[in-house]
Amino acid sequence: MSLLDTESIRRDFPVLKRNVTGGQPLIYLDNAASTQRPQAVIDAMDECYLHYYSNVHRGIHTLSEESTRAYESARETTREFLNAASAREVIFAAGTTAAINTVARSWGDANVSAGDVILLLISEHHANIIPWHQLAARTGCRVEFIPIDENFEISDETVAEYLERFRPKMFAFAAASNTLGSEYPVQRWTSMAKQYGATVLIDAAQAAPHHQIDVQQWDADFVVFSGHKVCGPTGIGVLYGKEAMLDAMPAFLGGGGMILNVTTEGFTTHELPEKFEAGTPPIVEAIGLAAALKYLTAIGMENIHAHERILGARTDAGLREIDGVRVIGPTADKKGGINSFVIEGVHAHDVSQFLDGRGVAVRAGHHCTMPLHQAIGVTATARASCYLYNTTEEVDQLLAAVADVRAKFARSGRRRRSRRPVGPNA
Amino acid sequence: MPHPQDSNNDQDIYQEHVLDHYEDPYNRGHLASATHAHDGKNPLCGDKIHVDLRLDSDGRVAEAWFDGDGCVISQASASMLLEAIEGKTIEEVEKFSAEDMLSLFGPQLTPNRQKCCLLSWKVLQGALKRPVGTEAAPSVTEDDDEVEPKTSFGGPSLEEEQ
């Protein structure tokens with residue numbers, strides 16, 4: 001394992017040159033929420049808008065032909081990135097949330113009935129909880145959660161026990177937890193779930209940016225991820241589904257582009273992948289996404305993973321040494337570049353605000369994992385998440401700032417001063 | 001290790017008087033003789049505020065107490081607010097606007113932190129309408145529109161991610 005050449009990589013990301021509070025350099029450690037864009041992505045999207053943008057699949061004219069070619073080429077790049085068997089299995093959606101909602105509405109409504117169980121992990125992001133709660137409200141199915149243990153881990157035995165107990169219709173889980181940082185054994189758990197006949201959906205929002213994905217090796221029925229977390233644009237994500245699954249599912253959103261024929265009586269749906277791409281798709285976003293995937297692939301997904309693991313472990317070790325800091329997550333060998341933590345006696349928002357004063361951007365709150373926070377018994381955590389452009393120096397500056405937080409907010413016998421005058425008429 | 005950016009200055013939202021109120025809050029606790037009470041929370045960050053009021057026969061806030069849990073901004077602002085309005089008439093408290101609350105707090109807040117600062121103000125306004133012992137009304141939440149500042153405060157959610 002070795003670090004990436006961050007000096008060279010950082011030159012590719014224009015925003016990293018800017019300064020923040022008090023003219024300090026930006027230390028961007030909020031990558032689990034969203035990543036920054038390399039110039040290559042910005043250029044690819046500019047190029048389309050400047051020279052060949054048009055709607056796709058519709059016009060018989062030069063620009064539409066060129067845009068269509070670029071859009072479909074982006075689909076092929078995404079297929080390669082995932083090692084999907086066919087580009088028909090790659091649906092462009094608005095993001096991970098939209099992709100999971102599509103599965104819950106289309107596959108869910110057609111296949112799930114009262115009494116069925118949807119099995120999730122307690123650490124799921126709300127995007128992989130609420131669509132299933134909504135499905136439960138429509139169908140009478142139940143949503144069950146696999147808990148974490150006292151070390152914030154989930155063992156194979158626990159997964160096996162819950163699969164045996166509930167024999168779920170669907171097992172949907174994140175390949176990596178956006179709060180705990182845990183990286184789960186996707187292939188093994190998928191194979192265990194298949195033995196019970198479960199359909200499997202993998203939320204790869206926190207995996208696709210960080211390591212090689214091979215959907216055929218994983219063998220899950222659905223795999224979803226977002227563009228903006230892989231250095232790509234917002235407004236686009238990917239719904240991968242096995243062709244047989246997608247073929248058997250009813251269309252979800254209805255509209256232009258997803259039909260073969262429409263009459264006053266009804267319609268027939270288009271083939272894959274258009275069947276699930278109603279309306280004008282995110283054309284330029286797809287082109288930007290493809291540029292991002294090519295950029296990351298050129299650096300090497302496994303090289304990126306190794307880099308993040310080194311930085312993540314350094315963060316984890318440093319945080320554990322600071323008095324009053326509790327790391328909310330397993331040991332460094334079980335996670336990637338995400339570290340969540342709480343500081344005794346200080347609210348996460350105040351931690352984040354203090355760190356911002358040092359130029360350090362982290363996330364504070366429940367990170368869209370309220371059930372996990374409830375299970376752990378904390379209302380909010382601060383989260384530092386690194387990516388390919390972060391450096392060991394940045395991690396050290398984060399740690400130095402975290403070490404100073406308690407001194408700022410520590411009780412020191414302060415007393416209120418005189419009563420202040422009040423209000424409009426004071 | 002001291003750091004140049006940590007020192008108190010006009011840009012620092014944790015000014016001395018804010019930290020003073022955080023550590024030594026005004027009337028923190030519950031009021032057994034409360035005539036009016038209300039509570040609320042900001043679901044996005046978990047800030048919680050409960051307000052107890054004793055309104056007297058002259059239509060004044062004779063006593064105002066709060067309890068809660070959350071960030072420095074939410075708790076210090078509650079202390080400042082209750083200290084400021086105790087003894088005022090109901091009309092005066094009703095007239096006390098969100099803008100007044102932000103100016104009472106002092107340091108300039110970004111839209112996301114304005115929500116923390118305005119939580120106790122919303123709960124206080126709600127408490128005026130909720131006599132103790134009547135049917136429990138739903139709590140004020142950050143999305144609640146029962147008492148809204150005239151100006152729109154608060155930026156995009158801190159929490160949405162994907």
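Here is how names work: the chains are called A, B, and so on, in the same order as the sequence lines, proteins then strands, and each is numbered from 1.
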- Message: Are A:F409 and B:Y22, when compared by the centres of their aromatic rings, separated by less than 6.0 Å?
- Response: no
- Message: Applying salt bridge (Lys or Arg N to Asp or Glu O under 4.0 Å) to B:E23 and A:R415, what does each step give before you reach the verdict?
- Response: CA-CA 7 Å; B:E23 185 167 342; A:R415 310 300 298 174; over 6 Å; no
Interatomic spacing from [atom1] in [X] to [atom2] in [Y] - rounded to 0.5 Å:
X: A:R416; Y: B:M80; atom1: CZ; atom2: CE; value: 10.5 Å
X: A:T21; Y: B:D12; atom1: OG1; atom2: CG; value: 11.0 Å
X: B:Y14; Y: A:K408; atom1: OH; atom2: NZ; value: 8.5 Å
X: B:N42; Y: A:H349; atom1: CG; atom2: NE2; value: 7.5 Å

- Item | Option that, when pairs with chain B are counted at under 4.5 Å, heavy atom only, ranks first among A:H373, A:M370, A:Q353 | A:Q353
- Under 4.5 Å, counting heavy-atom pairs only, tell me which of A:A401, A:G413, A:A380, A:G359 racks up the most with chain B. A:G413
- Query: Tell me, side chain or backbone of A:T234 under 4.5 Å from chain B's heavy atoms, or both, or neither?
  - Reply: neither
- Item | A:A99 portion near chain B, given a 4.5 angstrom heavy-atom threshold | neither
- Message: Counting only non-hydrogen atoms closer than 4.5 Å, can you tell me which residues of residues 47-63 of chain B sit against chain A?
- Response: B:D47
- Which residues in residues 67-78 of chain B have any heavy atom lying under 4.5 Å from a heavy atom of chain A? B:G70, B:C71, B:V72, B:I73
- Message: On a heavy-atom basis, which atom in A:R414 and which in B:D20 lie closest, and how many Å separate them?
- Response: NH1-OD1, 3.0 Å
- Task: Could you walk me through whether B:D24 and A:R411 pass salt bridge (Lys or Arg N to Asp or Glu O under 4.0 Å), step by step?
- Result: CA-CA 9 Å; B:D24 180 28; A:R411 303 208 162 260; over 6 Å; no
